[in-house]
Participant: 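The structure that follows is given in the form of structure tokens.
One-based numbering, in listed order, for ligands and for the atoms of each.
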Amino acid sequence: QLPSTRRSGNYRPTLWDFDDIQSLNSVYAEEKYSIKACELVVQLKKVLQGESNWVRQLELIHDLQTLGISYHFDHEINQILNSIYLEQKYLETEERDLYSTALAFRLLRQHGLRVSQDVFDCLKNEEGELEAVLGDNTKGVLQLYEASFLLTEGEMSLEQARVFSTNFLQKKLDDDEIMDEHLSWLVRRSLELPLHWSVQRPNARWFIDACANRSDVDPILLELAKLDFNIVQAAYQQELKEVSRWWKESKLAETLPFARDRVVENYLWNVGLLFQPQYGYPRIMTTKLFILITVIDDIFDVYGTLEETQLFNDAILRWDVEAIGHLPKYMQICYMALDNFINEMAYHVLIEQGVLIVQDLRKSWADLCTAYAKEAEWYHTGYTPTLEEYIDVAWISISAHTILSYVFFLISNPIEEEAAHNLRNYHPIIRYSAMVLRLADDLGTSPYELQRGDVPKAVECYMNETGASVEEAREHVKCMLRETWMKTNEESFKECPIFSKDFMRSAADLGRHAQYMYQHGDGHGISNPQMEERIRTLIFQPIP
Ligand SMILES: CC1(C)[C@@H]2CC[C@@]1(C)[C@@H](OP(=O)([O-])OP(=O)([O-])[O-])C2
Ligand SMILES: [Mg+2]
Ligand SMILES: [Mg+2]
Ligand SMILES: [Mg+2]
């Protein structure tokens, strides 16, 4: 049916004032703080090298990771994990328990070292049951729970460990039986989102604050975590100011008022996706990308009539900038903003890496808009696809393949032809990243999207196809999320990876950041108190 009036997303104006952003200015940009941080890094490297107990070494590595500062110690961490793996200390039965075994299992697997799930066998009873010997060991069961998310296809005992450790921990919380307050916080947090699914830098602030309630934290560790957080935040603020100026100068917020005006939220995606401080320019470019994807997504999902969306998609497929005269004015503006951005990105890569990628970028956008157009057709004709039909289109329409294309070309130097070929052919790691992003997005945004009118999403397609209730359908989607993570884990263990470590990390972090953004509803388009607090403490307020 053709709408008599256009839909609206009823999106509120941005929460973050342009002048407030432009006035951001952190003392931590001063060199004296970076010098102090370097001194602390040197001291901590000595602590790491001086630690001979393998469990303490692993606990230090775990803390460095959750506090967001492990990137200073990649070499030391690599050395320690490889020697623990080679010396197989984590296998000597007399030396270990559930806690140390699970901690070693998780950190070694995360590092790409393929430890067998059999490491838990010696802890089981005669009937081969691990759950029978948990006793009252909440600390150990929490580590087992975290470790179970590193499972790959067919590792049923890890899947069973996830189920019974979840039930064990939930019961402990419900019966208020966890006396240690910090442990209780960790359990509550991880039951919502396990460490393996948590994006590192955005979550670091929570772990830094939580450290204040721990007696076993090395003061140098906490001092460096706070200082590093504030120094990196100062760099983030400068990047955000630049993107915010670009968005204002584009005048797209005024000319396309129906679209989500979300510069800060779009920048936050890239704090999760490209957390390494040296990726400042890539973060600025991928934030512009997220902004344009958000606007064009809203043209297809909210504002454009069926006929207009088909005209826009044809123009994108043809890519003839002289032939847009027939488009409505708002589409001409959007088309040119996109064309300018593609040229800006392609020019940068041509100058820096000597590779011409205009066709790659246009193809990626063409695939995205074709998927958008299909969804618009389904909406306007009132068709509800099967879940399979929907996923075949929606893993593309969530835009992960476009986002990861830009990430690839921005951080790969040199650009390897085999990797570029796999990127163009949507290597499985791209599809898995897209699936986590899509499923997390549908769980977080579809209630609002359906209210205003949008194509039925994964939950609704499953309900329509099977007659399931909303709860059952949401549970099914969460099961699909777990299966996708299992395939992602499998892919990351492949011996000869086609893509760089940083790219593989970004592909997984895109999905992780989606689970962070949508943890409490639609943190991107609607926002909520938790997301506002996260943005305030992550970007606007240094740690005191
Ligand atoms: C960056 C994004 C992941 C992409 C554009 C904005 C998003 C936050 C999401 O927005 P949404 O409207 O929920 O996407 P979809 O459901 O219309 O595909 C799709
Ligand atoms: Mg949308
Ligand atoms: Mg959409
Ligand atoms: Mg959505």
Participant: So, for Leu404 and Leu423, which heavy atoms are closest and what is the spacing to 0.1 Å?
Facilitator: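 Heavy-atom minimum between the residues: O-CD1, 4.0 Å.
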
Participant: Please determine whether ring-ring contact (aromatic ring centres under 6.0 Å, His included) holds for the pair Tyr335 and Trp319, giving the CA-CA distance in whole Å, both sets of side-chain angles, and the decisive distance to 0.1 Å.
Facilitator: CA-CA 9 Å; Tyr335 182 99; Trp319 220 284; 5.6 Å; yes

Participant: Is a salt bridge present between Arg512 and Asp509, judged by a nitrogen-to-oxygen distance below 4.0 Å?
Facilitator: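 Here Arg512 pairs with Asp509 in a salt bridge, since their nearest N and O are under 4.0 Å apart.
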
Participant: With a 4.0 Å cut-off on heavy atoms, is Glu265 in contact with ligand 1?
Facilitator: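 It does not; every heavy atom stays at 4.0 Å or beyond.
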
Participant: Checking contacts here: is it the side chain or the backbone of Tyr372 that comes within 4.0 Å of ligand 1, counting heavy atoms only? Could be both or neither.
Facilitator: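 The answer is neither; Tyr372 stays 4.0 Å or more away.
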
Participant: Looking only at protein heavy atoms, which one is nearest to atom 13 (O) of ligand 1, and what is the separation?
Facilitator: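 So the nearest neighbour among protein heavy atoms is Asp441 OD1, 2.7 Å.
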
Participant: Would you mind listing which atoms of ligand 1 come within a distance below 4.0 Å of any non-hydrogen atom of Lys457?
Facilitator: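 Within the 4.0 Å cut-off of Lys457, ligand 1 contributes 15 (P), 16 (O), 17 (O).
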
Participant: Between Arg106 and Glu146, does any NZ, NE, NH1 or NH2 come within less than 4.0 Å of an OD or OE carboxylate oxygen?
Facilitator: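 So Glu146 does not pair with Arg106 through a salt bridge.
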
Participant: Hey, is Glu417 close enough to Arg424 for a salt bridge, meaning N to O under 4.0 Å?
Facilitator: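 The answer is yes: the pair qualifies as a salt bridge.
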
Participant: Got the closest protein heavy atom to atom 10 (O) of ligand 1, with its distance?
Facilitator: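 Answer, as residue, atom name and distance: Arg260 NH1, 3.2 Å.
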
Participant: Is the closest heavy-atom distance from Glu375 to ligand 1 below 4.0 Å?
Facilitator: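 No; Glu375 lies far enough from ligand 1 that no heavy-atom distance drops under 4.0 Å.
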
Participant: Backbone, side chain, both or neither: what part of Met517 comes under 4.0 angstrom of ligand 1, heavy atoms only?
Facilitator: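 Neither; no heavy atom under 4.0 Å.
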
Participant: Give the atoms of ligand 1, by number and element, whose distance to some non-hydrogen atom of His524 is under 4.0 Å.
Facilitator: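 This gives 8 (C) as the contact atoms.
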
Participant: Give the atom numbers and elements of ligand 1 that come within less than 4.0 Å of a heavy atom of Phe290.
Facilitator: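 Ligand 1 atoms under the 4.0 Å threshold to Phe290: 1 (C).
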
Participant: Atom 19 (C) of ligand 1: which protein heavy atom is closest, and how many Å away?
Facilitator: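 Protein heavy atom with the smallest distance to atom 19 (C) of ligand 1: Ile398 CD1, 3.8 Å.
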
Participant: Identify whether the distance between the nearest side-chain nitrogen and carboxylate oxygen of Arg438 and Asp441 falls below 4.0 Å.
Facilitator: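 A salt bridge is present here (some side-chain N lies under 4.0 Å from a carboxylate O).
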
Participant: Which residue owns the protein heavy atom closest to atom 17 (O) of ligand 1, what's the atom, and how far is it?
Facilitator: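 Protein heavy atom with the smallest distance to atom 17 (O) of ligand 1: Asp301 OD2, 2.5 Å.
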
Participant: With a 4.0 Å cut-off, would you call Glu490 and Lys487 a salt bridge?
Facilitator: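 No, Glu490 and Lys487 are not salt-bridged.
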
Participant: I'd like to know if Lys248 and Asp19 make a salt bridge, using a cut-off of under 4.0 Å between side-chain N and carboxylate O.
Facilitator: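 Salt bridge flag = no for Asp19 with Lys248.
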
Participant: Looking at Ile293, which atoms of ligand 1 are within less than 4.0 Å of one of its heavy atoms?
Facilitator: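 So the atoms of ligand 1 that pass are 4 (C), 5 (C).
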
Participant: Which of the numbered atoms in ligand 1 are below 4.0 angstrom from a heavy atom of Thr294?
Facilitator: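 In order of numbering, the contacting atoms are 5 (C), 6 (C).
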
Participant: Look at Arg245 together with Glu242 and state whether they make a salt bridge at an N to O cut-off of under 4.0 Å.
Facilitator: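 Between Glu242 and Arg245 there is no salt bridge, as every charged N stays at least 4.0 Å from the carboxylate O atoms.
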
Participant: Looking only at protein heavy atoms, which one is nearest to atom 12 (O) of ligand 1, and how far off is it?
Facilitator: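 Answer, as residue, atom name and distance: Asp297 OD2, 2.8 Å.
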
Participant: Within 2.8 Å of the Mg ion (ligand 2), is there any N, O or S atom belonging to Glu449?
Facilitator: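 Coordinating: no.
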
Participant: Looking only at protein heavy atoms, which one is nearest to atom 18 (O) of ligand 1, and how far off is it?
Facilitator: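 Answer for atom 18 (O) of ligand 1: Arg438 NH2, 2.6 Å.
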
Participant: Quick one: report the N, O or S atom of Asp301 that is nearest to the Mg ion (ligand 3).
Facilitator: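 This residue's closest N, O or S atom turns out to be OD2.
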
Participant: With a cut-off of 2.8 Å, does any N, O or S atom of Asp297 fall short of it relative to the Mg ion (ligand 3)?
Facilitator: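 It does; at least one qualifying atom falls short of 2.8 Å.
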
Participant: For atom 8 (C) of ligand 1, what's the nearest protein heavy atom and its distance?
Facilitator: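 Looking at atom 8 (C) of ligand 1, the protein heavy atom closest to it is Tyr518 OH, 3.1 Å.
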
Participant: How would you list, by chain and number, every residue that makes a ring pair (Phe, Tyr, Trp, His ring centres under 6.0 Å) with Tyr236, sequence neighbours excluded?
Facilitator: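 Not a single residue meets the ring pair (Phe, Tyr, Trp, His ring centres under 6.0 Å) criterion with Tyr236.
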
Participant: Protein heavy atoms: any of them under 4.0 Å from atom 1 (C) of ligand 1?
Facilitator: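 Yes, there is one.
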
Participant: Going by the atom numbers of ligand 1, which of them fall below 4.0 Å from some non-hydrogen atom of Thr445?
Facilitator: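 With Thr445 as reference, the close atoms of ligand 1 come out as 13 (O).
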
Participant: Under a 4.0 Å N-O cut-off, is there an ion pair linking Glu471 with Arg474?
Facilitator: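 Salt bridge between Glu471 and Arg474, a charged N being under 4.0 Å from a carboxylate O: no.
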
Participant: Regarding Glu265 and Arg260, does a basic nitrogen lie under 4.0 Å from an acidic carboxylate oxygen?
Facilitator: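 No, this pair does not count.
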
Participant: Can you tell which of Val407, Asn270, Leu410 makes a side chain to side chain contact (heavy atoms under 4.5 Å, CB included) with Met285?
Facilitator: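 Single pass found, and it is Leu410.
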
